[in-house]
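In what follows, every heavy atom counts, from backbone to side chain, and hydrogens, waters and symmetry copies are set aside.
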Amino acid sequence: MSDSQRSRRSVLLLPGVYGVVSQVWIHRQAILLRRYVSTIGATGYINRRQYPHPGVHLIDSPAFLRHRCYQVEYAVRQRQWPRSDCLAQWRLRRILRRVSPAIVHAHFLYNAAPALPALAEHECPLVVTVHGTDVNRGLLDKQYWDRVTPVLHHADCIIAVSAFMRRRLIELGCPPEKIVILPLGVPVPPSAADVGRQGGAIRIVTVGSLVPVKGHRYLLQAFALAAERSPRLELTIVGDGRCRQRLVSEAKELGIAQRVAFRGWLTPDEVNGVLMESHIYAQHSIRVAEPEANGAMVCREEALGISFLEASAAGLPVIGTRSGGISEAIRDGETGYLVKELDVTGMASRLVALAENGPLRSRIGAAGREFVQAEYGQDQQIAKLENLYDNVIQHRVHTGSCR
């Protein structure tokens with residue numbers, strides 16, 4: 001560790017599995033902190049080359065031999081064979097002692113809940129960022145909500161990534177005074193895509209997991225309608241998930257398979273390359289209720305829409321739905337357009353309007369880029385997060401409950 005790192009406070013991040021492609025923003029936040037040194041307490045670590053971090057400590061490991069080593073070490077020290085929950089608590093306590101963080105920052109309520117016993121012993125301030133799925137699930141799954149509710153009362157601060165999520169938290173019983181709205185930041189490329197260029201295909205792009213809440217089937221329907229009126233349209237779908245085969249089949253049934261490219265998951269640099277080659281970003285997110293593997297019904301809804309912000313940062317005009325917190329990521333008529341959920345015809349009309357008007361695309365794309373720079377720039381959001389850490393730690397000092 002360098003001298004500069006030793007002089008900085010440490011924050012222990014609890015992200016669950018570290019390196020999940022659809023959660024690249026956790027990695028960005030971890031490596032971009034300036035006044036704090038981040039250490040990761042993870043339940044797993046994947047995509048290590050793509051998301052390298054020198055300070056990842058595994059609370060547990062999916063690798064059999066490593067997991068067995070943890071069990072044996074626990075058994076030797078505690079003189080009994082561990083249950084899985086006891087082993088996780090023991091490992092987390094060891095990580096806390098080794099790192100001695102000034103503050104702990106958990107992502108998602110369900111990652112914070114099992115850590116509470118160890119954190120209570122350490123008497124370290126706890127900040128939790130809620131991202132949507134971890135809160136919305138509480139609307140229909142009371143058993144789950146009972147498990148995570150203690151986090152709302154134990155945490156020093158709950159970060160909501162949008163005003164929409166703040167309202168949802170309050171609706172479910174979170175003390176309003178604990179909630180701070182702090183959206184995730186996004187990188188702003190040094191140059192914008194040339195969305196106003198003429199000639200050749202007009203490329204539409206969407207980025208996200210291929211799951212029902214993203215509404216890809218409705219985007220395909222809108223694209224099919226728009227393609228009848230604007231034959232130069234092409235659609236690129238970046239991402240993967242359980243709905244992929246069904247979406248591929250639907251594209252064939254709609255007669256647009258030759259104009260739709262399924263790219264799968266790409267690296268952040270590759271995603272940026274696709275954005276720079278595109279003219280329009282579109283996503284038809286919807287609110288859905290669906291069963292989990294255990295039979296419990298869960299509600300899913302967009303908390304903010306980071307993909308819209310990333311597209312706007314690249315200078316693309318964006319089209320989305322009035323679903324969840326998306327209206328906070330798009331200024332309707334200024335940085336893009338909003339349509340009602342399931343309004344396939346309305347989305348198709350917006351696609352055609354942008355496809356046929358290069359100057360309009362350029363004007364809206366430029367406004368979106370300015371909007372993101374002013375409200376969601378990565379560096380300024382990191383600075384706000386570190387100021388929040390400072391305030392939480394200082395409050396604990398004043399109340400006499402923190403080291």
Side-chain angles (χ1 to χ4, degrees), residues 9-18 23 26 29-30 36 38-44 56-61 70 74 78 82-138 141-161 165 168-170 172-180 182 294 296 298 385 388-389 391-393 395-397 399-403:
R9 283 171 160 169
S10 173
V11 53
L12 177 65
L13 302 181
L14 301 178
V17 176
Y18 189 70
Q23 297 174 5
I26 293 179
Q29 195 174 85
Y36 285 78
S38 67
T39 303
I40 312 297
T43 56
V56 177
H57 299 268
L58 291 177
I59 297 172
D60 199 354
S61 174
Y70 291 160
Y74 178 98
Q78 305 297 317
R83 300 194 315 267
S84 59
D85 58 336
C86 292
L87 180 62
Q89 289 296 321
W90 180 73
R91 283 287 305 163
L92 181 54
R93 289 187 183 98
R94 286 174 64 95
I95 293 169
L96 286 164
R97 287 196 296 268
R98 181 183 306 174
V99 175
S100 190
I103 192 167
V104 174
H105 183 176
H107 286 274
F108 301 100
L109 292 172
Y110 48 71
N111 290 326
L116 289 183
L119 295 176
E121 289 183 18
H122 192 72
E123 294 187 347
C124 186
L126 172 64
V127 170
V128 182
T129 296
V130 298
H131 295 280
T133 56
D134 53 332
V135 177
N136 293 329
R137 181 173 175 177
D141 189 344
K142 184 179 184 302
Q143 187 176 18
Y144 160 80
W145 194 247
D146 288 342
R147 289 199 306 271
V148 300
T149 294
V151 176
L152 304 178
H153 302 287
H154 179 90
D156 296 77
C157 177
I158 303 292
I159 298 176
V161 296
M165 286 312 307
R168 181 60 51 79
L169 279 167
I170 294 173
L172 289 169
C174 182
E177 66 275 8
K178 283 198 173 186
I179 306 171
V180 172
L182 182 56
N294 63 4
V298 296
L385 177 64
L388 185 145
Y389 288 165
N391 292 337
V392 169
I393 292 170
H395 178 73
R396 274 292 196 102
V397 170
T399 59
S401 56
C402 184
R403 295 178 292 109

K.L.:
Quick check against the 3.5 Å criterion: does Trp145 have a side-chain atom that pairs as donor or acceptor with the backbone of Leu172?
P.N.:
yes
K.L.:
Regarding Gln29 and His107, is there a side-chain donor-to-acceptor distance under 3.5 Å anywhere?
P.N.:
yes
K.L.:
So Thr39 and His57, side-chain contact (heavy atoms from CB on, under 4.5 Å) or not? Walk me through it.
P.N.:
CA-CA 8 Å; Thr39 303; His57 299 268; 3.2 Å; yes
K.L.:
Between Cys124 and Leu96, does a side-chain contact (heavy atoms from CB on, under 4.5 Å) hold up when you go through it step by step?
P.N.:
CA-CA 9 Å; Cys124 186; Leu96 286 164; 5.6 Å; no
K.L.:
Among residues at least two apart in sequence or on other chains, which ones pass salt bridge (Lys or Arg N to Asp or Glu O under 4.0 Å) with Arg137?
P.N.:
Asp141, Glu292
K.L.:
Show the nearest heavy-atom pair for residues Ile59 and Ala88, with the distance to one decimal.
P.N.:
CG2-O, 3.6 Å
K.L.:
Under the 3.5 angstrom rule, does the side chain of Tyr110 hit a backbone N or O of Arg147 as a donor-acceptor pair?
P.N.:
no
K.L.:
Counting heavy atoms not belonging to Gln143, are there more than 12 under 6.0 Å from its CD?
P.N.:
no
K.L.:
What's the separation between atom NE2 in His122 and atom CG in Leu12, rounded to the nearest 0.5 Å?
P.N.:
8.5 Å
K.L.:
Taking ring-ring contact (aromatic ring centres under 6.0 Å, His included) as the definition, give me every residue that meets it alongside Tyr389, ordered by chain and number, with sequence neighbours left out.
P.N.:
Tyr36, His105
K.L.:
So how far is it from Leu13 CG to Ile103 CD1, rounded to the nearest 0.5 Å?
P.N.:
10.0 Å
K.L.:
When rounded to the nearest 0.5 angstrom, what is the spacing between NZ in Lys178 and CD1 in Ile159?
P.N.:
13.5 Å
K.L.:
Take Val128 and Leu152 through the side-chain contact (heavy atoms from CB on, under 4.5 Å) test and state the conclusion after the steps.
P.N.:
CA-CA 9 Å; Val128 182; Leu152 304 178; over 6 Å; no
K.L.:
Can you see which heavy atom on Met165 is nearest to which on Ala160, and at what distance?
P.N.:
CB-CB, 4.0 Å
K.L.:
Quick one: closest heavy-atom pair of Gly41 and Pro15, and the distance?
P.N.:
O-CD, 3.4 Å
K.L.:
What are the two closest non-hydrogen atoms of Gln23 and Val17, and how far apart are they?
P.N.:
OE1-O, 4.3 Å
K.L.:
Keeping the roles fixed (side chain from Asp156, backbone from Leu126), state whether a donor-acceptor pair exists under 3.5 Å.
P.N.:
yes
K.L.:
Could you tell me if the side chain of Leu14 sits less than 4.5 Å from the side chain of Leu92, heavy atoms only?
P.N.:
yes
K.L.:
So do Val11 and Pro101 actually touch side chain to side chain, heavy atoms under 4.5 Å?
P.N.:
no
K.L.:
What are the two closest non-hydrogen atoms of Gln89 and Ala118, and how far apart are they?
P.N.:
OE1-N, 3.0 Å
K.L.:
Quick one: pull up CG in Leu388 and CG in Leu182 and give me the separation to the nearest 0.5 Å.
P.N.:
6.5 Å
K.L.:
Checking side-chain contact (heavy atoms from CB on, under 4.5 Å) for the pair Leu58/Tyr70: CA distance, chi angles, key distance, verdict?
P.N.:
CA-CA 10 Å; Leu58 291 177; Tyr70 291 160; 3.7 Å; yes
K.L.:
Just verifying a value: how many Å separate Asn111 CG and Thr129 OG1, rounded to the nearest 0.5 Å?
P.N.:
11.0 Å
K.L.:
Flag the pair Val148 / Asp134 as yes when at least one side-chain heavy-atom distance between them is below 4.5 Å, and no otherwise.
P.N.:
no
K.L.:
I'd like to check the side chain to side chain donor-acceptor pair (under 3.5 Å) partners of Thr133; sequence neighbours left out, ordered by chain and number.
P.N.:
none
